[in-house]
Number of protein chains: 2
Amino acid sequence: MNKSPLLQEVTELHAGICNGLADPTRILMLYALVDEPRNVNDLTETLNLPQPTTSRHLKILRQQGLVIGEREGLYIYYRLADKRIIEALDLLRTILNDRLTYRASLVENQNSNQKQE
Amino acid sequence: MNKSPLLQEVTELHAGICNGLADPTRILMLYALVDEPRNVNDLTETLNLPQPTTSRHLKILRQQGLVIGEREGLYIYYRLADKRIIEALDLLRTILNDRLTYRASLVENQNSNQKQE
DNA sequence: GAACTATATGTAAATATCCGAATACACTTA
DNA sequence: TAAGTGTATTCGGATATTTACATATAGTTC
């Protein structure tokens with residue numbers, strides 16, 4: 001395995017991005033930004049959070065390069081830094097759904113087996 | 001925003017998967033499993049970790065449904081639970097690379113501007 | 001069953017994360 | 001410059017994560 005310092009560093013950034021995604025609130029935030037940029041208060045109300053909590057999560061997303069905030073007059077509008085972030089999230093969600101569906105089908109079979117017995 | 005309990009729960013699982021990916025060691029582990037299953041000692045040597053550390057990370061990956069371990073005789077062989085996990089990781093890595101490249105190009109420009117001035 | 005090998009877990013210390021509440025800061029408008 | 005609105009930070013405590021070291025468990029082979 002290549003243990004060069006470069007790989008090490010890039011892998012840490014890679015993990016950092018994943019860490020940015022590793023919170024339900026932040027995932028909901030990113031999906032909330034799919035269609036259009038939103039300001040903090042908007043997100044705060046949409047996600048039903050205390051405003052400081054919204055800001056803190058946005059800071060993490062910013063630090064990991066997942067969102068970009070730009071001030072327009074009184075507001076700071078946040079938007080996705082890269083649309084492909086949603087692709088990645090969708091892919092992981094698909095993997096999850098397939099797993100849940102598979103488990104559900106196991107329960108199905110289990111039930112019908114029980115009925116047979 | 002739909003705040004149904006179901007969405008809440010699925011989003012937590014979604015975040016859980018991301019959390020499984022949110023560690024450099026675990027990312028290297030997953031990439032180490034791309035081509036073929038490996039046992040714990042194999043991974044331990046490849047990643048140059050203490051064996052208990054390897055086991056612990058594998059446990060997390062297992063819990064998040066990212067890898068599957070199956071015993072064959074004396075060894076437990078771990079493999080990716082779903083190849084698409086690598087697709088997702090690759091996509092995130094691409095996003096990261098593009099960002100790094102972009103930043104590097106900024107530095108480039110900055111340098112050449114300095115030379116011009 | 002004893003010895004052996006592979007893998008997992010307990011524990012403790014260091015470190016990080018999350019949240020709520022209060023407060024500070026930034027920008028705009030009057 | 002003062003008031004007002006939007007956004008960020010600080011602090012505290014509770015909780016979780018990571019790691020190393022030691023040890024336990026599980027399965028195999030003799």
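Every chain is numbered from 1 and lettered A, B, ... according to where its sequence line falls, protein lines coming before strand lines. Given the structure is predicted, the values throughout are model-derived calculations rather than measurements.
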>> Quick check: any donor-acceptor pair below 3.5 Å linking the side-chain of B/Gln51 to the base of C/dA8?
In response: yes
Listed pairs under 3.5 Å, donor-acceptor, residues 90-98 of chain A side chains, sequence neighbours left out:
unit_1: A/Asp90; atom_1: OD1; unit_2: A/Tyr31; atom_2: OH; d: 2.7
unit_1: A/Arg93; atom_1: NE; unit_2: B/His14; atom_2: ND1; d: 2.9
unit_1: A/Arg93; atom_1: NH2; unit_2: B/His14; atom_2: ND1; d: 3.1
unit_1: A/Thr94; atom_1: OG1; unit_2: A/Asp90; atom_2: O; d: 2.8
unit_1: A/Asp98; atom_1: OD2; unit_2: B/Arg84; atom_2: NH1; d: 3.0
unit_1: A/Asp98; atom_1: OD2; unit_2: B/Arg84; atom_2: NH2; d: 2.7

>> What is the distance, to the nearest angstrom, from the CG atom on B/Leu49 to the C1' atom on C/dA6?
In response: 16 Å
> Would a distance-only check, ignoring hydrogens and angles, find a side-chain to backbone donor-acceptor pair under 3.5 Å from A/Ser55 to A/Pro52?
Replying inline: no
Distances under 3.5 Å between nitrogen or oxygen atoms of protein and nucleotides 28-30 of chain C:
none

> From the 5' end of DNA chain D to its 3' end, which nucleotides mark the outer limits of contact with chain B, defined by a 4.0 Å heavy-atom distance cut-off (strictly under)?
Replying inline: D/dT18 to D/dT28
Set out, line by line, the N/O atom pairs under 3.5 Å between protein and nucleotides 17-19 of chain C.
unit_1: C/dC18; atom_1: OP1; unit_2: A/Asp23; atom_2: OD2; d: 3.4
unit_1: C/dC19; atom_1: OP2; unit_2: A/His57; atom_2: NE2; d: 2.9

> Is there a side-chain polar atom (N or O) of A/Tyr75 under 4.0 Å from OP1 or OP2 of C/dA26?
Replying inline: no
> How close or far is atom P of C/dA16 from atom CD of A/Gln64, stated in whole angstroms?
Replying inline: 14 Å
> Given atom CG of B/Asn41 and atom C1' of C/dA8, what is their separation to the nearest angstrom?
Replying inline: 12 Å
> Going by the salt bridge (charged side-chain N to carboxylate O under 4.0 Å, His left out) test, which pairs reach into residues 22-38 of chain B, not counting sequence neighbours?
Replying inline: B/Arg38-B/Asp42
> Which residue pairs satisfy the salt bridge (charged side-chain N to carboxylate O under 4.0 Å, His left out) criterion with at least one member in residues 43-64 of chain A, sequence neighbours excluded?
Replying inline: none
